[in-house]
There are 2 protein chains.
Amino acid sequence: MNGPEGAAPLAHRVPDLGAMELLLAVARHGSLGRAARDLGITQPAASSRVRSMERLLGVALVDRSPRGSRLTAEGVLVTDWARRVVEAAEAFDAGAQALRGRRDSRLRVAASMTIAEYLLPGWLIALRAERPGTAVSLSAGNSAVVAERLLADEADLGFVEGLGVPVGLDSAVIGHDRLVVVTAPSHPWARRSRPLLPAELAATALISRERGSGTRQVLDAALAAHGGLAEPLIELASTTAVKAAVVSGAGPTVLSELALGEELAARRLVQIPVEGVRLRRDLRAVWRQGPLPAGPARDLLSLTRPT
Amino acid sequence: MNGPEGAAPLAHRVPDLGAMELLLAVARHGSLGRAARDLGITQPAASSRVRSMERLLGVALVDRSPRGSRLTAEGVLVTDWARRVVEAAEAFDAGAQALRGRRDSRLRVAASMTIAEYLLPGWLIALRAERPGTAVSLSAGNSAVVAERLLADEADLGFVEGLGVPVGLDSAVIGHDRLVVVTAPSHPWARRSRPLLPAELAATALISRERGSGTRQVLDAALAAHGGLAEPLIELASTTAVKAAVVSGAGPTVLSELALGEELAARRLVQIPVEGVRLRRDLRAVWRQGPLPAGPARDLLSLTRPT
DNA sequence: TGAGCCCATAAACTGGGCTTATGAGCATGA
DNA sequence: TCATGCTCATAAGCCCAGTTTATGGGCTCA
């Protein structure tokens with residue numbers, strides 16, 4: 001899953017988040033002391049922390065001079081990698097804050113798991129930048145749960161992916177989500193020179209989410225005209241488990257491209273082109289039937305509009 | 001840049017990497033005790049750490065029972081967010097290890113900054129999974145530096161993005177990189193209904209990297225037929241600085257899509273379609289003229305091949 | 001030449017996270 | 001019914017990483 005790591009836990013081989021934040025601050029300010037002030041610690045603390053980071057990594061990160069500190073060439077690279085960790089942590093933070101949010105939050109959001117996992121944290125960061133002080137609460141569930149919460153006035157705005165709009169709700173398409181066929185790089189399909197035909201896909205036993213998942217519904221519908229979906233090879237409960245099985249070579253699957261960023265980039269999985277099927281679903285914002293939402297819900301909605 | 005945060009540093013609002021790793025292990029194993037063993041700590045340590053994570057986040061993450069522990073609904077979501085942080089940290093680790101690598105490493109890689117920053121860590125993780133024990137050393141620089149290191153036999157394999165292949169080297173295209181026009185969401189271009197014309201782009205003053213960057217070369221060449229690139233609005237030294245300026249609304253820029261993942265997803269930046277120009281550049285692996293590399297270099301090369 | 005930046009070092013404090021030791025709850029099977 | 005074996009929680013004590021305060025040295029500029 002996370003790969004059989006090299007003995008020592010990751011946390012012992014990598015600087016902690018505070019150190020990475022500090023490194024970014026040093027890059028921004030060009031000075032250890034100012035970076036320290038920015039983070040609310042003293043200059044010696046920053047100095048020692050950067051030093052221990054350099055010791056841990058075995059690389060000089062910062063060129064110190066009496067006129068300030070600049071990153072070394074290696075430091076620039078390390079800082080860029082650190083920035084990605086910190087950004088992921090910011091998304092975590094934004095999500096976690098919304099999860100903690102209570103019923104009296106100014107904006108109560110209900111979202112499908114996929115959207116809550118991959119898209120919502122980014123939107124919340126953007127919302128915080130534009131409208132700081134908007135308290136957001138988040139609950140996640142499938143389309144039915146989202147609809148229920150909206151209709152019961154337990155949520156102001158919802159997000160769902162899937163085929164239809166639940167009754168009693170109005171909606172706006174805010175984006176699209178392609179489903180893609182993926183296999184391990186060692187799978188025969190990875191070496192095909194021609195796109196997969198829908199009938200071939202339909203006839204193949206896939207590693208699959210359990211019946212009822214949104215992904216599976218869309219796939220079923222798209223392949224109905226091509227003989228219907230074959231019985232799954234295995235059914236697994238979570239997207240993560242599906243990915244792990246595919247990576248280990250157990251077989252092909254179909255997943256949202258949102259769930260595949262990392263795996264495709266690192267070529268742990270490869271995407272198999274398919275011809276003649278629209279494996280695409282709408283991502284929708286939904287709200288109680290009536291006028292477009294106002295206030296904080298409107299703010300968030302306008303952030304998520306494609307253009 | 002990182003946004004003016006809400007007072008307390010991120011590191012105090014977010015569990016540390018060790019805690020996130022632990023949470024992933026609990027999700028994998030379904031038991032605090034087994035997760036603890038997996039990470040080489042004792043069960044009480046794991047128990048207390050999960051508890052303090054729940055206290056910090058204000059959310060119950062784990063359902064404890066005498067038969068094991070399962071994630072709560074909120075725990076699943078938090079774990080997914082944590083997984084992304086841990087993955088970014090793994091990429092950091094892979095990159096940092098390569099940076100520390102000495103001259104006697106079995107595989108010496110030289111790469112352009114863009115590739116070293118965004119793609120190489122993922123490849124290194126994949127390489128470690130397939131060929132554990134391959135010691136990799138990394139040095140980063142522009143195309144000229146990469147070529148120089150290869151020709152001086154200080155590197156076994158190089159990666160460059162750009163227009164031509166330096167003399168004395170053989171190469172293989174391993175992927176592509178689209179350059180995209182982006183602005184802040186508030187920019188007038190973000191509300192255009194029709195694609196931008198090349199001549200319009202050429203006539204507009206952009207926020208730009210300094211002369212000599214690969215991105216700028218490609219852009220120059222692509223727009224030569226449309227009147228040539230206008231004088232930049234500002235020239236900045238790093239991609240990060242360019243992005244920050246664009247986000248703050250200073251003007252449009254053209255950047256590699258590799259550098260834009262996070263910003264586009266969170267709609268801090270929006271992509272402006274352009275018609276009739278191929279803003280695309282090859283990503284190439286390069287090596288000293290002669291036969292395809294063998295050994296570890298071959299292993300890495302085959303990982304990076306598109307298919 | 002002194003003021004004002006920069007950074008490094010030293011010593012002392014603190015607390016979070018660890019371990020060891022123990023106990024309680026629930027299943028399973030003799 | 002009672003022992004075994006898994007689960008997790010609690011308590012007490014240790015240790016070290018990261019902190020602060022206090023100090024000093026280097027460079028630049030007025």
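Please read all numbers here as calculations on a predicted model, not as lab measurements. Each chain gets a letter, A, B and so on, in the order the sequences are listed, and its residues count up from 1.
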B:Ala259 backbone acceptor or donor facing B:Lys243 side chain under 3.5 Å: yes

Check the phosphate of [N] against [X], side-chain N and O only, distance under 4.0 Å to OP1 or OP2. Yes or no?
X       : N      : answer
A:Thr42 : D:dT19 : no
B:Ser69 : D:dC8  : yes
B:Arg37 : D:dT7  : yes

Checking A:Thr134 against A:Arg128: is there a side-chain donor and acceptor pair closer than 3.5 Å? no

Using whole Å, what does the distance between atom [atom2] of nucleotide [N] and atom [atom1] of [X] come to?
X       : N      : atom1 : atom2 : value
A:Asp63 : D:dC27 : CG    : C1'   : 16 Å
A:Arg64 : C:dA8  : CZ    : P     : 5 Å
B:Gln43 : D:dT10 : CD    : P     : 11 Å
B:Ile41 : D:dC8  : CD1   : P     : 12 Å
B:Arg34 : D:dG5  : CZ    : C1'   : 13 Å
B:Arg70 : D:dC8  : CZ    : C1'   : 16 Å
B:Arg67 : C:dC26 : CZ    : P     : 10 Å

Validation: residues 109-126 of chain A side-chain donor-acceptor distances under 3.5 Å, sequence neighbours left out:
unit_1	atom_1	unit_2	atom_2	d
A:Ser112	OG	A:Ile115	N	3.4
A:Ser112	OG	A:Glu161	OE1	2.5
A:Thr114	OG1	A:Glu161	OE2	3.3

Answer yes or no: is there a side-chain heavy-atom contact under 4.5 Å between [X] and [Y]?
X        : Y        : answer
B:Gln97  : B:Val136 : no
A:Thr239 : A:Arg209 : yes
A:Arg64  : A:Val50  : yes
A:Glu54  : A:Val59  : no

Counting the atoms with a prime plus P, OP1 and OP2 as sugar-phosphate, which does A:Ser31 contact under 4.0 Å by heavy atoms, base, sugar-phosphate, or nothing? sugar-phosphate

Rounded to the nearest 0.5 Å, how far does CG of A:Leu255 lie from OG of A:Ser208? 9.0 Å

Residues in residues 44-57 of chain B with a heavy atom under 4.0 Å of DNA chain D, by number, are B:Pro44, B:Ser47, B:Arg51

Show the distances under 3.5 angstrom between N or O atoms of the protein and N or O atoms of nucleotides 13-16 of chain C.
none

Go through it in stages, so that I can follow the logic: the residues are A:Glu90 and A:Arg83, the test is salt bridge (Lys or Arg N to Asp or Glu O under 4.0 Å), and I'd like the CA-CA distance, side-chain angles, deciding distance and then a yes or no. CA-CA 10 Å; A:Glu90 278 168 353; A:Arg83 183 172 294 112; over 6 Å; no

